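Just so it is clear, the structure is predicted and the values come from calculations on it, not from any experiment. Naming convention: chains lettered A, B, ... in sequence-line order (proteins, then strands); numbering from 1 in each chain.
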Amino acid sequence: MMEITNTIIEKHGLKIEEYKNIKKLLNRNPNLLELGIFSAMWNEHCSYKSSRIHLKKLPTKGKQVIQGPGENAGVVDIGDDDAIVFKIESHNHPSYIEPYQGAATGVGGILRDVFTMGARPIALLNSIHFGSPSHPKTKGLLNGVVSGIGGYGNCIGIPTVAGETKFNETYNENILVNAMAVGHVKKDKIFYSKAKGVGKSVVYVGSKTGRDGIHGASMASAEFDENSEEKKPTVQVGDPFTEKLLLEACLELMRDDSIIAIQDMGAAGLTSSSVEMASKGSLGIELNLDKVPCREENMTPYEIMLSESQERMLIILENGMEEKAKKIFEKWDLNFTIIGKTTNTKKLTLKYKDKTEGEIPIDALAANAPVYDRKWTRKNYNKNKFDFKKLKKIKIEEALIKILSSPNHSNKSWITNQYDQMVMCDTAQRSGSDAAIIRIHNKDKAIAVSVDSSANYCKSHPITGGKQIVCENWRNLISVGARPLAITNCLNFGNPENHEIMGEFAECLEGIKEACEFLNYPVVSGNVSFYNGTNKRNILPTPVIGGVGLIKKIFKPLGHSFKKDKSILIKIGKTFGHLEQSCFLKENYSIIEGRPPEVNLTNEKNNGEAVLKLINENLIESSHDVSNGGLLVALSEMAINSNFGAKIDKPKKLNNLIEYYFGEDQGRYILEVSEDNFKKVEKTLKNGNIYFEKIGVTQEKFFEIEGELKIDLNNLFKINNQWYNNY
Amino acid sequence: MKFSVIVTLKKDVLDPQGKVVLNTLVNLGIDNLKSIRQGKYFEIDVDEVDQVKAEKQINQMCEKLLVNLIIENYKISKIK
Amino acid sequence: MKFSVIVTLKKDVLDPQGKVVLNTLVNLGIDNLKSIRQGKYFEIDVDEVDQVKAEKQINQMCEKLLVNLIIENYKISKIK
Amino acid sequence: MKSSVIVFPGSNCDRDIATALEKMQFKNQMVWHKETSLPKSDLIVIPGGFSYGDYLRSGAIAGKSIIIDEVIKAANSGCLILGICNGFQILTETGLLKGTLLRNRDLKFINRDVNIKVMNNETKFTSKYKLNEILKINIAHNEGNFFTDSKHRDQLKKENLVAFKYCDEKGNISEGSNPNGSIDNIAGIYNSKKNILGMMPHPERMIDQIISNTDGVNLFTSLMN
Ligand SMILES: Nc1ncnc2c1ncn2[C@@H]1O[C@H](COP(=O)(O)OP(=O)(O)O)[C@@H](O)[C@H]1O
Ligand SMILES: [Mg+2]
């Protein structure tokens, strides 16, 4: 037998201390297969060892929650007998190495998380972060990632309806690719991953196992170094066609009660899926590895257990259902093989050619996996106010154009046109608005979905940043008339062994927790991705929030483009003119300084509830939240893509125009109200004690502030649409 | 000078297309197929008379654009 | 017995892929490119020792499935 | 009216078209590609999607499936056949329609609403439209770049077999309004008996104001007649 040296231990991403612990748990030395299994289960990606104690603090309960974190995906109640299943996941490192396949398999993986629970996926979203546009790799990565996301989603036939795309040089060598999937299920047809019963068949379905991504799970959470590009041959190739078959076959089998437990094979493939099912059910599992369908010849038990081949699932079947299930998978041309059974040993037992090749107590892999309370430090805040006087003066028009034509703010249709947004015929609001709207098939209710992040805010003040993203996400759902229900989150951070990074993580979570609690907006699923960075340069702290909201009766999607001439534009929420950390400073002066805007949760909630009420009473023509870029950017986004411009007033109180038009104060919305409805709206807002201002009217042809700027609508469109096309 | 470039998937890399094509051929009644792998083919004509130089150029094109070196191999041959 | 099949678009059929690849390479600074056409490549392994028979089979596969004879040509060669 | 929708592994607009047909009062049946016979139908639809993952050539493998022989028989006996998107690609692979669909000009998948013009309204598929009516219909494809030889091109013109052409909002048919590089801006064609229509745009996506618009409705009401 191969001797386990320190090098081998390190290559498996395990610390010497952890290895000692393994020996203690086993009461002996592990063999290589067992070591590989420990390394897969104990790495950051599967064990959440650095994040678990912080994640526990997040609010996860609520009347609307059917299933919180801990399953393949979270589940919320949307009334009647319908539920929504959703989750977000990162595929950052694989996407940097091979952008097309990395992004594609990221989409494939998150889809499996959702349909494993019995749900038919109805929408895909993504949050993608790239390095500086001028970095030589960025363009290729952007192209590859976008076509990979599209390639998978389009082929399997699930609409990709929303997302966000951002550039910042801290992602130069470590892009972020987070994919979110949303599915619909009947409440009494939800499937879980907890094994039950001894002697039940453990069934392997889907694609064959190849040598893909071996060490992938370990790779995904090991810091990159110069050699990482050599780790290429383990790249997983996605096969969306097979996934489509797998989806249909699983949903077909799920019509009756054959399935006891089901779990997709994601990171750490067969290892984590079998261990998780056994662990949740306090059972053992015995696998005959010779039975596993293999794509290549002479695959070793080690390779079989650690392969990350895509499009595979593990199912525990009720006795006697094997034949029936087999027929279904064969109809869909998929492998179906009984590879083992559940046992009462509480051990993972691996047999190969009639020999036991490995045997590990399930608890040692799961419950006894390491948990670290890593050291972390609170952020030191710079108390000095940023001095705006030293800035060179800039015209409002010039500043607006600069922002609207920047990579971060340019219209994303170059991306979204590569995604099929309409397949399934229930997309009532496509990309380009604050949130996408998906109708529940054959019903008149709908859900709204959005993903958001604000890495700069989180960097400068993690607690406020954490709060702010939750609020922005909530606002985006409110803006399209949806009642926000719950969120999923993908926490992309640097090296957790660095105290400051760990501090960013802990503090961002404090902020997220506070906002979620206040808004009754619980976390039902999520994913953590640490070690994003290269050679000690870490990415910005980038938690991404994916939210789902409910529209009880959909009559007409609002969208945020102006609908009518001479409508009255009102702004909800106060403007203080907060410019620190703003787009205005970043895009015009390359200054990223100071604090993010304050988040006032009470205002946030009151304003949001008021807007929701107005929309539900059908008093609003269009609505948009005010976020990055401030008031003027929000207003121009409403004009672009519509047939109307606006004539915007100058502020009555605040006399610094730049602060008024570009400040990023939170909790604000712009509503387009027709003249006929204005009185009613005014009354409702006054009665509710909601701060609002009339800020202008819509008009034909021009986007205008008297004496400051006047831009032809066609021009405004061009300004916002040229960057991607010229890149 | 004209070259052909054959681009194939590296060993052990999944070839979803090849897999489906193989199944289809088997279903069409061909029963002695052992394997099919699908790749890409390029015919490239460059205005260069020096073969060494030309090949170097084709190599460059492959590495820069035509081939995904992470999952693919390639082979250049002179046609005429 | 192992064969390769090269499938190319007929001469007067538009090759959008080749065209875009060509433009991209020109933009990357390669200035003496005359033309690029893109095609498909297959590596087929059949369980057959008689070369004539094997080739006949490969031909069949091409005509039945691999090649769209209206727009494509193909060429079979023995590899080993 | 009885309709059948053929389902291949990887079809993904099958449910969409079935929903549309039912909404338009067709009595619809789904037919799995391994079936050896077709239910009696007035209309057979080959839906959009990625049959067999679009592997090899889009539509190629579906074009070899068992049920296709039945579709060809039905077509020859005058049954109406509608191929949408991947369905169009499959029809060209089977030879029921001539020509082929190549990769889009820019080698990118395209999903957006485009304008198309009704070029012939004297067919079973389009009688409820006005001639030259401009429709806004969603397209979603990688390979919609219609190409055919000059002989067929002439035939299409002479026999008035072009169903739809890509155009701009005002109806101008130009390179600028051509999303994918199709020859003569062609978005859909008929066979010479005009009982088979293949089109890249998705009319089934345009039957509901809440989702998009209703520009696709008249295709179905035409067929109902
Ligand atoms: N990668 C992407 N995939 C899909 N949609 C995207 C992507 N990037 C941006 N979008 C869409 O572009 C629009 C603008 O994005 P963003 O400025 O981030 O919106 P917001 O500030 O309202 O969150 C949104 O509708 C979003 O869904
Ligand atoms: Mg928004």
Trainee: Using a heavy-atom distance cut-off of less than 4.5 Å, which residues of residues 63-92 of chain D contact chain C?
Mentor: D:K64

Trainee: Counting neighbours of NZ on D:K124 that are heavy atoms of other residues, nucleotides or ligands and sit closer than 6.0 Å, is the number greater than 12?
Mentor: no

Trainee: Kindly determine whether D:E93 and D:R57 satisfy salt bridge (charged side-chain N to carboxylate O under 4.0 Å, His left out), including the steps that lead there.
Mentor: CA-CA 9 Å; D:E93 279 285 340; D:R57 296 180 305 277; 2.8 Å; yes

Trainee: How about D:N142 and D:D54: does a side-chain donor come under 3.5 Å of a side-chain acceptor?
Mentor: no

Trainee: Heavy-atom count check: over 12 atoms from other residues, nucleotides or ligands less than 6.0 Å from D:K193 NZ?
Mentor: yes

Trainee: As a quick check of understanding, evaluate side chain to side chain contact (heavy atoms under 4.5 Å, CB included) for D:L197 and D:L219, giving each step before the final call.
Mentor: CA-CA 11 Å; D:L197 167 61; D:L219 189 109; 4.2 Å; yes

Trainee: What part of D:R103 lies closer than 4.5 angstrom to a heavy atom of chain C: side chain, backbone, both or neither?
Mentor: both

Trainee: Can you tell which part of C:Q38 gets under 4.5 Å to a heavy atom of chain D, answering side chain, backbone, both or neither?
Mentor: neither

Trainee: Just so I understand: if I count every heavy-atom pair under 4.5 Å between each of C:L14, C:D15, C:V20, C:I71 and chain D, which residue has the most?
Mentor: C:L14

Trainee: Might you point out which heavy atoms bring D:Y52 and D:H33 nearest each other, and give the distance in Å?
Mentor: OH-CE1, 3.2 Å

Trainee: Are there residues of residues 143-179 of chain D that reach to under 4.5 Å of chain C by heavy atoms, and which ones?
Mentor: D:N145, D:F147

Trainee: Of the backbone (N, CA, C, O) and the side chain (C-beta and beyond), which part of C:V21 lies under 4.5 Å from a heavy atom of chain D, both, or neither?
Mentor: neither

Trainee: Could you go through residues 35-48 of chain D and list every donor-acceptor pair under 3.5 Å that involves a side-chain atom there, pairing it with any protein atom two or more places apart or in another chain?
Mentor:
{"residue": "D:S41", "atom": "OG", "partner": "D:S4", "partner atom": "OG", "Å": "2.8"}
{"residue": "D:S41", "atom": "OG", "partner": "D:P39", "partner atom": "O", "Å": "2.7"}
{"residue": "D:D42", "atom": "OD2", "partner": "D:K2", "partner atom": "N", "Å": "2.7"}

Trainee: Do D:S222 and D:Y129 meet the criterion of a side-chain donor-acceptor pair at a distance under 3.5 Å?
Mentor: no

Trainee: Tell me whether the count of non-hydrogen atoms from other residues, nucleotides or ligands lying under 6.0 Å of NZ in C:K53 goes above 12.
Mentor: no

Trainee: Looking at D:K117 and D:E133, is there a salt bridge between them, counting it only when a charged N and a carboxylate O are closer than 4.0 Å?
Mentor: no

Trainee: Under 3.5 Å, sequence neighbours excluded: what are the donor-acceptor pairs made by side chains of residues 29-36 of chain C?
Mentor:
{"residue": "C:N32", "atom": "OD1", "partner": "B:Q57", "partner atom": "NE2", "Å": "2.9"}
{"residue": "C:N32", "atom": "ND2", "partner": "B:D47", "partner atom": "O", "Å": "3.3"}
{"residue": "C:N32", "atom": "ND2", "partner": "B:Q57", "partner atom": "OE1", "Å": "3.1"}

